[in-house]
Amino acid sequence: MEIILMFIAGFIVFILAIIAIIKGVTHRIKSPTDDLKEEISNLRKRVDELENEKKS
């Protein structure tokens, strides 16, 4: 009986580890993309501000 319980506990830990690895990988892939989009947005705002100053 104890062997079956240990097998079930090990399987649950294994599934949780797989889920954590998948979430970590997706976060590493998604994070630079979000940072890049934010940087592009900031640069567009700066360009618009500089164009408005130049017109004034």
Side-chain angles (χ1 to χ4, degrees):
M1 185 67 177
E2 293 87 16
I3 294 173
I4 294 172
L5 291 176
M6 292 301 281
F7 179 75
I8 292 171
F11 187 72
I12 291 171
V13 169
F14 179 73
I15 296 297
L16 290 175
I18 295 295
I19 292 171
I21 289 170
I22 291 171
K23 282 188 175 187
V25 168
T26 56
H27 179 69
R28 284 188 91 166
I29 292 170
K30 188 178 180 228
S31 182
T33 305
D34 291 345
D35 293 342
L36 185 60
K37 286 180 182 178
E38 183 178 342
E39 188 65 28
I40 289 171
S41 174
N42 290 339
L43 289 172
R44 284 184 179 160
K45 288 178 186 176
R46 287 179 58 195
V47 167
D48 289 341
E49 290 173 0
L50 290 172
E51 287 176 349
N52 288 337
E53 287 179 13
K54 188 176 181 182
K55 288 179 183 177
S56 298

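The basis for the numbers below is simple: all heavy atoms, side chains too, and nothing from hydrogens, waters or symmetry mates.
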* Please step through side chain to side chain contact (heavy atoms under 4.5 Å, CB included) for the pair E53 and L50, ending with a clear verdict. => CA-CA 5 Å; E53 287 179 13; L50 290 172; 4.2 Å; yes
* To do: Indicate if F11 and I19 have the same hydrophobic cluster label, given that clusters are the connected sets of ILVMFWY residues with side-chain heavy-atom separations under 4.5 angstrom.
  => yes
Expected list for residues 21-40: side-chain donor-acceptor pairs under 3.5 angstrom, two or more places apart:
| residue | atom | partner | partner atom | Å |
| --- | --- | --- | --- | --- |
| T26 | OG1 | I22 | O | 3.1 |
| T26 | OG1 | K23 | O | 2.9 |
| T33 | OG1 | I29 | O | 3.4 |

* Passing option when V47 is tested against K45, E49, E51 for side-chain contact (heavy atoms from CB on, under 4.5 Å) -> E51
* How is the hydrophobic cluster of I12 composed, in terms of its other members, when Ile, Leu, Val, Met, Phe, Trp and Tyr link through side-chain heavy atoms under 4.5 Å apart, directly or indirectly? -> I4, I8, L16
